[in-house]
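Here the structure comes first, spelled out in C-alpha cells, and everything after it is commentary.
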2 protein chains.
Amino acid sequence: MGATKTDLFTKEQNEMAAMAKALAHPARIAILQYLIKKNVCITSTFVEELGLAQATVSQHLKELKLAGIIQGSIEGASVCYCINPKVWKQYKALFNSFFKDVNPAEQECC
Amino acid sequence: MGATKTDLFTKEQNEMAAMAKALAHPARIAILQYLIKKNVCITSTFVEELGLAQATVSQHLKELKLAGIIQGSIEGASVCYCINPKVWKQYKALFNSFFKDVNPAEQECC
DNA sequence: TTTAATCATCGTAATATTGCGATATATTAT
DNA sequence: ATAATATATCGCAATATTACGATGATTAAA
C-alpha cells in the first residue's frame, strides 16, 4: 500500500490531480509567480529568491518541467527557465472548467 | 528535514499550495466531480463509486473537509456531504487570478 | 590549463501521504 | 435489548515528498 491507485480513476481525474500536485508546494508557486512577474527567462536567481538549497530548488524546477508547465534552455553556464504558454493555457482551461460548474445558489446542503 | 519550509513563503503562496494539495489526488477529484454532478448531498455512496476501502474514503473526505471545500452534516446514521459554495468560490477566484496573468504572446523563452 | 560558477543528479534522512484492517461510536431496525 | 448499518479514527505498512550535502558535468573566466 501507500501508492496512489491510479487505475481506479479516469485519465482526466489522474491528469487533473497531477496538475494540482505540480502546484502543491509553496516553492513551486513562488517559482511560477516569479516567472509570471518577470515575464523574462530567469536562471537560478531562484536559489537566492527562495532561500532553499540549490539542490532543492533544482528538484522543484525538475518537477515543474516534468509537469510541462515550465521549460528550460541552456544559456551558457546557466539555464534559462520560462513558462510554457501552451501548457499554461491547458492548466488554465482545465482548472476553469473544473471550477465553473458549481452554481452556489443551487448548493443547498442537507 | 523533509517537512515543507512554510516560513520561507508568503501566506498567499502557502494558501495557494494548500488548495492545490487538496486537489492533488484523483480520489478527491472524483469526489468533487461527483458532488458537482449530483448537486445534491450524498453520503458514502463514495465507497462504492470509488472502489477504495471505507477507511480510505473517509480519510480523503476528511482532507477535503479540512481544506474547507466540502462540508458534512450528520443525517441520521449517515453523513451528508456537499460542496461549500463560499470556499469553492474562493478557490475559483484564486486559481483564476493565478492563471490569468500570463500572456502567451509575451512568453518568449531565451 | 587551472579556477570559479552554474546546474543536475545521487544518496540519504526526515517527514508526509496513501491505503487498509480493526475497532469504536452512533443511529436505525428488529 | 440486540443486531445491522454508517462513519470516523487508530495503528500500521508501503510509498512519496521534501530537503540538503556531496559529487559530477559543463561552461566561462583567469
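Please read all numbers here as calculations on a predicted model, not as lab measurements.
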Phosphate oxygens OP1/OP2 of [N]: is one of them under 4.0 Å from a side-chain N or O of [X]?
X: A/His60; N: D/dT17; result: no
X: B/Tyr81; N: D/dA8; result: yes
X: B/Lys5; N: D/dC20; result: yes
X: B/Lys21; N: C/dA16; result: no

>> Any base atoms under 4.0 Å from B/Thr4, or only sugar-phosphate, or nothing? Heavy atoms, all strands.
In response: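 Contact class for B/Thr4: sugar-phosphate only.
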Kindly point out which of [options] is positioned nearest to the side chain of [X]?
X: B/Val79; options: C/dT18, D/dA8, C/dA16; value: D/dA8
X: A/Glu63; options: C/dT18, D/dT18, D/dT17; value: D/dT18
X: B/Leu52; options: C/dG19, D/dT17, D/dT18; value: C/dG19
X: B/Gln59; options: C/dG19, C/dT9, C/dA16; value: C/dG19

> When rounded to the nearest 0.5 angstrom, what is the spacing between CD in A/Gln13 and CG in B/Leu50?
Replying inline: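 Nearest 0.5 Å value for the CD-CG distance: 8.5 Å.
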>> Test side-chain contact (heavy atoms from CB on, under 4.5 Å) on B/Trp88 and B/Leu32; report intermediate values, then the result.
In response: CA-CA 10 Å; B/Trp88 188 269; B/Leu32 293 173; 4.2 Å; yes
Rounded to whole angstroms, how far apart are [atom1] on [X] and [atom2] on [N]?
X: B/Leu61; N: D/dT9; atom1: CG; atom2: C1'; value: 14 Å
X: A/His25; N: C/dA16; atom1: NE2; atom2: P; value: 11 Å
X: A/Phe46; N: C/dT6; atom1: CZ; atom2: P; value: 15 Å
X: B/Leu66; N: C/dA16; atom1: CG; atom2: C1'; value: 14 Å
X: A/Glu48; N: C/dA5; atom1: CD; atom2: P; value: 13 Å
X: B/Arg28; N: C/dA16; atom1: CZ; atom2: P; value: 15 Å
X: A/Ile70; N: C/dC7; atom1: CD1; atom2: C1'; value: 13 Å
X: A/Lys62; N: D/dA16; atom1: NZ; atom2: C1'; value: 14 Å

> Taking only residues at least two apart or on different chains, which pairs with a member in residues 9-21 of chain B satisfy salt bridge (Lys or Arg N to Asp or Glu O under 4.0 Å)?
Replying inline: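 For residues 9-21 of chain B: none.
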>> Taking B/Gln71's backbone N and O only, do any of them form a donor-acceptor pair with B/Asn84's side chain (distance below 3.5 Å, no angle check)?
In response: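 Side chain of B/Asn84 to backbone of B/Gln71: no pair is present.
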> Is a side-chain donor or acceptor of A/Arg28 paired with a backbone partner of A/His60 at a separation under 3.5 angstrom?
Replying inline: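 Not at all, since once roles are kept as given, no pair shorter than 3.5 Å links the two residues.
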> What does nucleotides 21-30 of chain D look like as a protein-contact string, B for base, S for sugar-phosphate only, - for none, at under 4.0 angstrom between heavy atoms?
Replying inline: BB----SS--
> Relative to the ring of B/Phe95, is the ring of B/Tyr91 parallel (under 30°), tilted (30 to 60°) or perpendicular (over 60°)?
Replying inline: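 Judged by the thresholds at 30° and 60°, the geometry between B/Tyr91 and B/Phe95 is tilted.
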>> For B/Tyr81 and B/Phe46, take the angle between the two ring planes, folded into 0 to 90°, and tell me which bin it lands in: parallel under 30, tilted 30 to 60, perpendicular over 60.
In response: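 B/Tyr81 vs B/Phe46 ring planes: tilted.
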